[in-house]
Amino acid sequence: MSDISKAYEPGAVEERWYGEWISQGCFAADPASGKPGFSIVIPPPNVTGVLTLGHVLNNTLQDILARRARQTGHEVLWLPGTDHAGIATQTVVERQLRKEEGKTRRDLGRDEFLRRVWEWKEKHGGIIIKQLKRLGCSCDWDRERFTMDEDYSRQVQETFVRLHAQGLIYRGKRMVNWCPVSQTALSDEEVVMKSTKGKLYVMRYEVAEEPGTFLEIATTRPETLMGDTAVAVHPEDPRYAHLIGRHAWRPFPRAMIPIVADRHIDMAFGTGVLKVTPAHDKADFEIGQRHGLEVIDVMNPDGTLNDLAGPEFSGMERFAAREAAVARLEEMGLLARIEDYENNVGYSERADVPVEPRLSEQWFLRYPQVPAALDAVVSGKIRFVPERWAKIYEHWMTNIQDWCISRQLWWGHRIPVWYRLDDSSVVHVGLDAPADEDNWRQDEDVLDTWFSSWLWPFGTMDGPTRAKFYPTNDLVTGPDIIFFWVARMIMAGLEFTGETPFRNVFFTSIIRDLKGRKMSKSLGNSPDPLDLMAKYGADGLRFGLMRIAPHGQDVRFDENQIKEGRNFANKLWNAARFREMQGPPLVVKPLAEHALSPYSVAVITAFDAMHAAYRQALADFHFHEAATQLYDFFWSTYCDWYVEASKAELTAGGASADSVRAVMDHVLGGYLRLLHPFMPHITEELWDRLGFAAGEGRARLILFASPPDEDSLPGIPAEEKAQAANAVAAVYEAVRAVRVLRAEFKVPSNAECVVHLARHPDFAGFDLSVFRSLARATEIEEIGASGPARKMPHALTPLGEVYLELDIDVEAERQRMLGEIGKIEAEIAKVEAKLADTSFVQGAPPQVIESFKTRGADWRAKRAKLETALAAL
RNA sequence: GCGCGGUUAGCUCAGUGGUAGAGCACCUCCUUGACACGGAGGGGGUCACAGGUUCGAACCCUGUAUCGCGCACCA
């Protein structure tokens, strides 16, 4: 009996082999290696993050690529690290501070607060890295980087200085997206548009020069009317042409504001009159610029109204102020009506509150290398997989806007700009303050996190590493950060290294729950991958996910799929266990020197075909397809058929048993190597247990084993292989036919039977012992084409006509069946009559109708079954 | 509004012009010396809908519905 346990227990195996790989330094990339390089940089997870299913998917894919490359003889660098994630991390630490000490970051001051964030990072920042290790990721952990590492930070700031010197970075007072919760500016990409149900308020502004005449003005944001500095109409709008150049009364604070003409106004929308609030709307700001309007900012950075809004509203939160302003308008009789209205409102991605368009002084970047970056993808120099993402990229690149890179946060890379204390218009841009540093103060702001991430593919590498491993080969990431990260890395790569930073970009699926919702913490619909790994093993989780993660489409997560992964690991384990029970591996002579049965030739041929499909699938980044190939070959072709077909020979012993063992070793050995990138731990364990490991140290590991040969049996001509496969398929077809007959005639699986065969001449002389054992027949009696003496259930197969000998009187059985079919038809007729009766159908409750339909279907199924059986008689 | 992608069995999904597939779930049989996390057999589909091209369409074309995503938005 084997000493391998009956059910595979992944926990200990996975831990042991991961430890082994680490202690042998298997993941370390050597820039001095003579092997060709292969590299991937990890999309750095947020240092605050914990592992999600999205990470599992993403990193399993990278691990597959890395492990496959190791097997194919590459020196592999998979470079890991984490991202400081400015807003996210700062928010987490601030929240904790408020909760535990009742303090804000300002209470602590900048230096002390940053000390706390670092403390927090040291304490919790490693969690996701540990989790990635649990998953089996083969990253070169000694090279782990953090976007706030000293040298990396220096590069970020140098980048700023350099782009500033080139005139691409500039400072300006502009309308930006402001998050009132985080109290910082955001880039356009950090704003998500949400369809929001709201109200359209129609207000009445009196024309100053024509008392008693009112303009109706529609707005969704009455709380900003205190900042109105004009009313605008379309220059060609006949309704209002006579008013252009006159004035309207802003109700409160009461002021006379000009009526201007601007082509931006849509005559067809609302009343065709727009209130212009240059401080609180991007389009209004532009109108203000065109007409030289005053800008009145009535809001504080935290989203409350300020003194300019008037004492009545000062200090009021913006949405409360909306209600108050409407009430005030109504009181004054200046509210015409309120309509329901649905429009898109920009929300802060992080804080999930509506962003406030806000005029403020920020740093902007005019992107470098835009045409080249666009061309790199359009021309295919960088390959996007699936290809359709290239269109999204192209669209964004051709409509690209300057990037607001400054953030009013403390956690991040401080902007390397100094202002002279006595004259802040004197600016110094550089890593360090000028020599008389006491006379200068550094810009308070930090840089957008993505301004550091865009350097990741090369900023993480030193000189020798870059020489060997840059540009990287593949990037695996989510399509949700195509603009945030992928596009910007391409531009940075071109600008700072003169090369595109990667060759292929694979965009993963987005994992949703069974209801199609995005996984999120607040919904509580995101299973913890660690729990899943505890239940099903890391390999089970990986393989289960690979089988459902299609080519860049959304995927609905179902735990059952992971269970299948676990079951597959168990199947593999037991197939290996079966082989181990047959004795130690046979290395005495090469496969080709054994006398191979047609079954062996066929299984090896099928293995080679699977191997070819697997290679193609991986080359196309069709991971799902590769996983399916692996699964189907092993479970069906190898276990269900080959192993079962070979049992008799193994029991018989002798040379043919040796041959079967050799074939099993060949298939299992090759198979484990192909499966290893998907299920690294169990394959390493079995490689070792089955005795395939040879040599010393690393050479013993499947991790570094070469893939199997593409042609396992070069000595056998293709026609001969096809012939064997054909004969074997005929036998298996016949086996299936016998099984069907057995099921139809209620011969239990464990009962033996006698089968008669009128053999097709193509297979004359072919040994039938496998047919006999798989059909669980006591004997196969060969008969002539005219069939057996008495009637028996039968079926036609490629191997010939097969007959199942039964201890029954066939004619009596036929009569019995005919009788039964008659009864069933009567039942069907009853049901049909009932369903055809309109008064019944109209009167009966739907459940009753349903049950009748179901009953009808059941009877019909029974009838079909009997008819099939009858046909075999 | 413009663009992209999806719609196939109860569920999750494969399937690029030639007899509709897998796994799970369901029903029947089987604890046979690898595996019940298993084996054998079975039922279940108007391939969203409507047209068109073709000898032949889940697949190609046109339109519609619906879900999702991206972009742009009219206050």
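Convention: sequence-line order gives letters A, B, ...; per-chain numbering from 1.
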Value in whole Å for how far the [atom2] atom of [N] lies from [atom1] of [X]:
| X | N | atom1 | atom2 | value |
| --- | --- | --- | --- | --- |
| A/Glu190 | B/G70 | CD | C1' | 18 Å |
| A/Ile481 | B/C69 | CD1 | C1' | 16 Å |
| A/Phe483 | B/C69 | CZ | P | 14 Å |
| A/Phe634 | B/C35 | CZ | C1' | 10 Å |
| A/Arg547 | B/C24 | CZ | P | 9 Å |
| A/Tyr638 | B/C35 | OH | P | 15 Å |
| A/His622 | B/A14 | NE2 | P | 11 Å |
| A/Asn570 | B/G23 | CG | P | 17 Å |

Roughly how many Å apart are [M] and [N], using the [atom1] atom of each and rounding to a whole number?
| N | M | atom1 | value |
| --- | --- | --- | --- |
| B/G38 | B/C24 | P | 7 Å |
| B/G10 | B/G51 | C1' | 31 Å |
| B/G1 | B/U19 | P | 41 Å |
| B/U28 | B/G43 | P | 15 Å |
| B/C30 | B/C67 | C1' | 44 Å |
| B/G15 | B/U8 | C1' | 9 Å |
| B/A48 | B/C29 | C1' | 38 Å |
| B/G6 | B/U62 | P | 14 Å |

Q) Is a donor-acceptor pair below 3.5 Å formed from side chain A/Glu644 to base B/A34, judging by atom type as modelled? A) yes
Q | B/C35 base / A/Arg577 side chain donor-acceptor hit below 3.5 Å | A | no
Q.
Here's a test of your reading of the structure: between A/Thr271 and A/Glu625, which maps to the more 5' nucleotide of RNA chain B?
A. A/Glu625
(Q) Quick check on RNA chain B: between A/Arg566 and A/Met267, whose nearest nucleotide comes earlier from the 5' end? (A) A/Arg566
Counting only Watson-Crick or G-U wobble pairs whose two distances fall under 3.5 Å, which nucleotide matches [N]?
| N | result |
| --- | --- |
| B/A75 | none |
| B/U16 | none |
| B/C60 | B/G52 |
| B/G5 | B/C67 |
| B/C35 | none |
| B/C47 | none |

Quick one: side chain to side chain contact (heavy atoms under 4.5 Å, CB included) partners of [X], sequence neighbours excluded?
| X | answer |
| --- | --- |
| A/Gln616 | A/Asp620 |
| A/Ser769 | A/Asp767 |
| A/Ala606 | A/Phe633, A/Thr637 |

Look at the side chain of [X] and decide which nucleotide, out of [options], has an atom nearest to it.
| X | options | value |
| --- | --- | --- |
| A/Asn567 | B/C37, B/C13, B/A34 | B/C37 |
| A/Asp640 | B/A36, B/G39, B/G42 | B/G39 |
| A/Asp266 | B/G42, B/A75, B/A40 | B/A75 |

Q) In terms of side-chain heavy atoms, does A/His291 have a donor or acceptor partner in A/Asp262 at a distance below 3.5 Å? A) yes
Q.
With the threshold set at under 4.0 Å for non-hydrogen atoms, list the residues of residues 214-232 of chain A touching RNA chain B in residue-number order.
A. A/Ala218, A/Thr219, A/Thr220
Look for any protein N or O under 3.5 Å of an N or O in nucleotides 2-12 of chain B and output each such pair with its distance, or none.
residue	atom	partner	partner atom	Å
B/U12	O2'	A/Gln561	NE2	3.3

I'd like to check the ring pair (Phe, Tyr, Trp, His ring centres under 6.0 Å) partners of [X]; sequence neighbours left out, ordered by chain and number.
| X | value |
| --- | --- |
| A/Phe634 | A/Tyr638, A/Tyr671 |
| A/His280 | none |
| A/Tyr240 | none |

Q: Report yes or no: is the cationic atom of A/Arg542 (NZ for Lys, CZ for Arg) under 6.0 Å from the centre of the six-membered ring of A/Phe678, at an angle within 45° of the ring normal?
A: no
**Q.** Presence of salt bridge, A/Glu339 and A/Arg337, under 4.0 angstrom
**A.** yes
Phosphate oxygens OP1/OP2 of [N]: is one of them under 4.0 Å from a side-chain N or O of [X]?
| X | N | value |
| --- | --- | --- |
| A/Tyr341 | B/A75 | yes |
| A/Asn560 | B/A25 | no |
| A/Lys571 | B/C35 | no |
| A/Asn574 | B/C37 | no |

Q: Mind jotting down which residue pairs meet the salt bridge (charged side-chain N to carboxylate O under 4.0 Å, His left out) criterion with at least one end in residues 272-287 of chain A? Sequence neighbours excluded, please.
A: A/Asp228-A/Lys275
(Q) Going by salt bridge (charged side-chain N to carboxylate O under 4.0 Å, His left out), name the pairs with one or both residues in residues 621-646 of chain A, residues two or more places apart or in two chains. (A) A/Glu644-A/Lys647
Q. Do the side chains of A/Arg488 and A/Glu189 get nearer than 4.5 Å, heavy atoms only?
A. yes
Could you go through nucleotides 30-33 of chain B and list every protein N or O atom that sits under 3.5 Å from one of its N or O atoms, giving the distance for each pair?
residue	atom	partner	partner atom	Å
B/C30	O3'	A/Asn750	ND2	3.0
B/U31	OP1	A/Asn750	ND2	2.8

Q: Looking only at non-hydrogen atoms, find the nearest pair between A/Leu545 and A/Leu53 and report the distance.
A: CD1-O, 4.2 Å
Let me have the donor-acceptor pairs involving side chains of residues 190-197 of chain A, under 3.5 Å, with sequence neighbours excluded, atom names and distances please.
residue	atom	partner	partner atom	Å
A/Glu190	OE1	A/Ser187	N	2.9
A/Glu190	OE1	A/Ser187	OG	2.9
A/Glu190	OE1	A/Arg407	NH2	2.7
A/Lys194	NZ	A/Asp352	OD1	2.6
A/Ser195	OG	A/Glu342	OE2	2.9
A/Thr196	OG1	A/Lys194	O	3.0

Q) So what does A/Arg736 touch, heavy atoms closer than 4.0 Å: a base, only the sugar-phosphate, or nothing? A) sugar-phosphate
Q: Take A/Arg689 and A/Glu685 through the salt bridge (charged side-chain N to carboxylate O under 4.0 Å, His left out) test and state the conclusion after the steps.
A: CA-CA 6 Å; A/Arg689 294 194 83 125; A/Glu685 171 76 6; 3.1 Å; yes
